[in-house]
Amino acid sequence: MNLNITKNWHQRHRESLNYGGRIADVVAKGMGSWRFIIIQTIFVVVWMGLNLVAFFKHWDAYPFILLNLVFSTQAAYAAPIIMMAQNRQSERDRLQAQDDYNTNKEAKLEIEALAAKLNSIEIEKLDKILKILEEMK
């Protein structure tokens with residue numbers, strides 16, 4: 001039995017990430033959270049409210065062109081960053097699947113070895129029983 005202890009797929013993947021990969025994962029995790037949605041909703045409501053009720057100085061009057069530009073810029077950066085994080089997730093999934101496959105292959109070989117050993121024990125038992133029966137004759 002081979003108990004070769006190595007790093008698991010998750011540890012190997014984490015060590016392979018560069019600085020940009022870690023940043024992309026953090027950004028994607030943050031943008032995919034309820035916290036981000038709530039903060040962004042509050043930001044939009046405050047932005048629109050201040051621009052609608054401001055008595056002087058509307059920095060972004062209706063139809064909120066500047067706010068639209070902010071969202072377009074955010075989307076232009078967010079989409080590729082999220083795609084990078086998804087690509088890394090796919091790579092993590094491939095590593096995990098390969099690790100699972102290797103584990104299953106090793107388990108299959110061990111089960112086959114155990115089955116062969118059990119067969120040999122069974123044959124030895126039957127041989128002993130036959131020998132005892134022949135001696136009794």
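Numbering of residues begins at 1 and proceeds along the displayed sequence. Because the structure is predicted, anything quoted here is derived from the model rather than measured.
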Contacts of K125 that satisfy side chain to side chain contact (heavy atoms under 4.5 Å, CB included) - sequence neighbours left out: I121

In one Ile/Leu/Val/Met/Phe/Trp/Tyr side-chain cluster, 4.5 Å: W59, L67: yes

Residues that L114 engages under side chain to side chain contact (heavy atoms under 4.5 Å, CB included), provided they are two or more places apart: none

R35 vs I39 side-chain heavy atoms within contact, under 4.5 Å: yes

Where A85 and A24 come nearest, the two heavy atoms and their spacing: CB-O, 4.0 Å

Ion pair check, R94 and E91, cut-off under 4.0 Å: yes

Cluster overlap F36 with F71, hydrophobic side-chain contacts below 4.5 Å: no

Where I65 and D60 come nearest, the two heavy atoms and their spacing: N-OD1, 3.1 Å

Single-linkage hydrophobic cluster Y77~Y19, side-chain heavy atoms < 4.5 angstrom: no

Sole residue of I37, V44, I38 in side chain to side chain contact (heavy atoms under 4.5 Å, CB included) with T41: I37

Salt bridge (Lys or Arg N to Asp or Glu O under 4.0 Å) partners of K128, counting only residues at least two apart: none

Exercise: do E106 and N102 side chains pair donor with acceptor under 3.5 Å: no

Inter-residue atom distance E122.CD - D127.CG, 0.5 Å rounding: 10.5 Å

Counterpart residues, ring-ring contact (aromatic ring centres under 6.0 Å, His included), relative to F43 (two or more places apart): W47

W34: ring-ring contact (aromatic ring centres under 6.0 Å, His included) partners, not counting sequence neighbours: none

Under 4.5 Å side-chain linkage, directly or through intermediates, the cluster mates of I132: I129, L133, M136

Hphob cluster co-occupancy, M31 + V70, side-chain heavy atoms under 4.5 angstrom: no

Set of side chain to side chain donor-acceptor pair (under 3.5 Å) partners for Q86, sequence neighbours left out: none

Partner set under side chain to side chain donor-acceptor pair (under 3.5 Å) for N87, not counting sequence neighbours: none

Contacts of type side chain to side chain donor-acceptor pair (under 3.5 Å), residue K131, not counting sequence neighbours: none

For E134, all residues meeting salt bridge (Lys or Arg N to Asp or Glu O under 4.0 Å), sequence neighbours excluded: none

Within one Ile-Leu-Val-Met-Phe-Trp-Tyr cluster: I42 and L50, side-chain cutoff 4.5 Å: yes

Of V27, V26, D25, the residue whose pairing with I23 passes side chain to side chain contact (heavy atoms under 4.5 Å, CB included): V27

ring-ring contact (aromatic ring centres under 6.0 Å, His included) partners for F64, two or more places apart: Y62

Non-neighbouring partners of R22 that pass side chain to side chain donor-acceptor pair (under 3.5 Å), sequence neighbours left out: none

Trace of the side chain to side chain contact (heavy atoms under 4.5 Å, CB included) decision for Q96 with D100: CA-CA 6 Å; Q96 183 179 13; D100 289 346; 3.9 Å; yes

